[in-house]
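The block underneath contains the structure these notes are about, expressed in structure tokens.
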There are 2 protein chains.
Amino acid sequence: MLVSMTTCFCTNLRLATRRLTAVYDAALAPVGINIGQYFLLRKIRDRRSVSLTELGQLAELERSTVGRNARVLERMGLVVTARGESDQREALVSLTPAGHTLLKDAQPLWEGAQGATASRLGMANLSTLQTVLEAI
Amino acid sequence: MLVSMTTCFCTNLRLATRRLTAVYDAALAPVGINIGQYFLLRKIRDRRSVSLTELGQLAELERSTVGRNARVLERMGLVVTARGESDQREALVSLTPAGHTLLKDAQPLWEGAQGATASRLGMANLSTLQTVLEAI
DNA sequence: TCACTATCCGGGTATATGCTCGTATCTATG
DNA sequence: CATAGATACGAGCATATACCCGGATAGTGA
């Protein structure tokens, strides 16, 4: 057996995620958001206006989790929430001008983290990684 | 460029981790612990008795995080904490009999999750994954 | 022995994540 | 149209994670 069955795949994955998250968070720190928030903001911008349920499906996150995360972004003044017009139950989230600006400022920082990661791991490793991750 | 630079490596990694964590957590649910707790318990058993600082280094987790996680295990009756004899500042954690028993019961469940993961991803993928994760 | 510094924890603060329950709203059916 | 079932949220509860601060204890050099 090539792979040691004594080390936990899941634990290794979790550790790598904590490490890489710290790298991206540090890169984004100058604009005051973390990688999870950056990702959410990008999803919201892509859709212009999304309900929490839809955002949860896009991000593959629990709806209530997304709701709380969106509230943090709202307190930061980066997004606003409005009731759906056709469906009053929906909480539609969209970017504020400040959100758009911050996202533009964040982009090169994120690209820096992506580039650093790519050069540290190597393109071959990265593409394998992406493939395997999709299979999980 | 083989790898798309529009998808975030970090976000993909985080998503895969959430998914795999859910798999392992579900596997361990019958004994009432999650994968993070299983990992901590194993580390504690390996060392028989460890300080929180040492445990944090082993797990590559913030010391205060480990302290809180250990408190949860203590409330569950799986570990006990004692002051260090030579160094009164240390909080030495060790397994209770219940902790030993639970860990034995958990082992086959964890092995099941490992096996399921291995067969789903394939050994080749897994070994590459492990290699890449170590580089992160 | 006495300060000074280093180390170990615990608690506070904040975010992240998932589960469950209750409420409001919508939808479809009789 | 009224009501039963489905759907969207929000809030409560628990854990996980990191950062910072302050108190207690160790260790060290004068």
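Order of the sequence lines sets the chain letters (A, B, ...), proteins ahead of strands, with each chain counted from 1.
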TODO: Mind checking A/Ser51 for me? I need base, sugar-phosphate or nothing, with any heavy atom below 4.0 Å counting as a touch.
DONE: sugar-phosphate
Open item on the list: Given B/Ile35, which partner from the list B/Asp25, B/Leu20, B/Val23 fulfils the side chain to side chain contact (heavy atoms under 4.5 Å, CB included) test?
Closed with: B/Asp25
- [ ] Decide whether A/Gln37 and A/Asn69 meet the rule of one side-chain donor and one side-chain acceptor closer than 3.5 Å.
- [x] no
- [ ] For B/Leu61 and C/dC9, give me the distance from atom CG to atom P, rounded to whole Å.
- [x] 15 Å
Open item on the list: It should be established whether B/Gln88 places a side-chain nitrogen or oxygen under 4.0 Å from OP1 or OP2 of nucleotide C/dC9.
Closed with: no
- [ ] State, yes or no, whether a side-chain contact exists between A/Thr81 and A/Arg71 at a heavy-atom distance under 4.5 Å.
- [x] no
Task: Side chain of B/Thr53 (C-beta onward), nearest among D/dC9, C/dC9, D/dA26 - done: C/dC9
Just list the side-chain donor-acceptor pairs under 3.5 Å for residues 46-56 of chain A, sequence neighbours left out, or say none.
unit_1	atom_1	unit_2	atom_2	d
A/Arg47	NH1	A/Glu54	OE2	2.3
A/Ser51	OG	A/Glu54	N	3.1

Open item on the list: Categorize A/Glu90 for me: base, sugar-phosphate, or nothing, with a 4.0 angstrom heavy-atom threshold over every strand shown.
Closed with: sugar-phosphate
Task: Residue-phosphate contact under 4.0 Å: A/Asn34 side-chain N/O, C/dT15 OP1/OP2 - done: no
Open item on the list: Could you tell me how far apart A/Glu62 (CD) and D/dA8 (P) are, to the nearest whole angstrom?
Closed with: 13 Å
- [ ] Would you classify B/Thr17 as touching base, sugar-phosphate or nothing, given that sugar-phosphate means primed atoms plus P, OP1 and OP2, and contacts are heavy atoms under 4.0 Å?
- [x] nothing
Task: Among D/dT17, C/dG11, C/dC19, the nucleotide that comes nearest once only the side chain of A/Ser64 is considered - done: C/dC19
Open item on the list: Is B/Arg14 close enough to C/dA16 that one of its side-chain N or O atoms is under 4.0 Å from OP1 or OP2 there?
Closed with: no
- [ ] Give a yes/no answer on whether the side chain of B/Asn69 brings an N or O atom under 4.0 Å of OP1 or OP2 in D/dT17.
- [x] yes
Open item on the list: If you compare every side-chain N and O of A/Arg71 against the phosphate oxygens of C/dA16 (OP1, OP2), does one of them come in below 4.0 Å?
Closed with: no
Task: B/Thr65 side-chain N/O to D/dA16 phosphate OP1/OP2 under 4.0 Å - done: no
Open item on the list: In whole Å, I'd like the distance from the CG atom of B/Asp87 to the P atom of D/dT25.
Closed with: 10 Å
- [ ] State, yes or no, whether a side-chain contact exists between A/Arg83 and A/Leu92 at a heavy-atom distance under 4.5 Å.
- [x] no
- [ ] Name the nucleic acid region contacted by B/Arg18, choosing base, sugar-phosphate or nothing; use a 4.0 angstrom heavy-atom cut-off, strictly under.
- [x] sugar-phosphate
Open item on the list: Please report the distance, rounded to the nearest Å, between CG in B/Leu52 and C1' in C/dT7.
Closed with: 13 Å
TODO: Could you check how far CD of B/Gln37 sits from C1' of D/dA14, rounded to whole Å?
DONE: 11 Å
Task: Residue mapping more 5' on DNA chain C - nearest nucleotide basis, A/Arg68 or A/Arg89 - done: A/Arg68
TODO: Find the distance A/Glu60:CD to C/dA16:P and express it as a whole number of Å.
DONE: 18 Å
TODO: Check whether any side-chain nitrogen or oxygen of B/Arg75 sits under 4.0 Å from OP1 or OP2 of D/dT15, and answer yes or no.
DONE: yes
- [ ] Between A/Gly36 and A/Glu85, name the one whose nearest nucleotide on DNA chain C is closer to the 5' end.
- [x] A/Gly36
Task: Close side-chain approach of A/Gln107 to A/Tyr38, heavy-atom, < 4.5 Å - done: yes
Task: Value in whole Å for how far the C1' atom of C/dT7 lies from CZ of B/Arg83 - done: 13 Å
TODO: Provide, to the nearest angstrom, the distance between the CZ atom belonging to A/Arg63 and the P atom belonging to C/dA16.
DONE: 16 Å
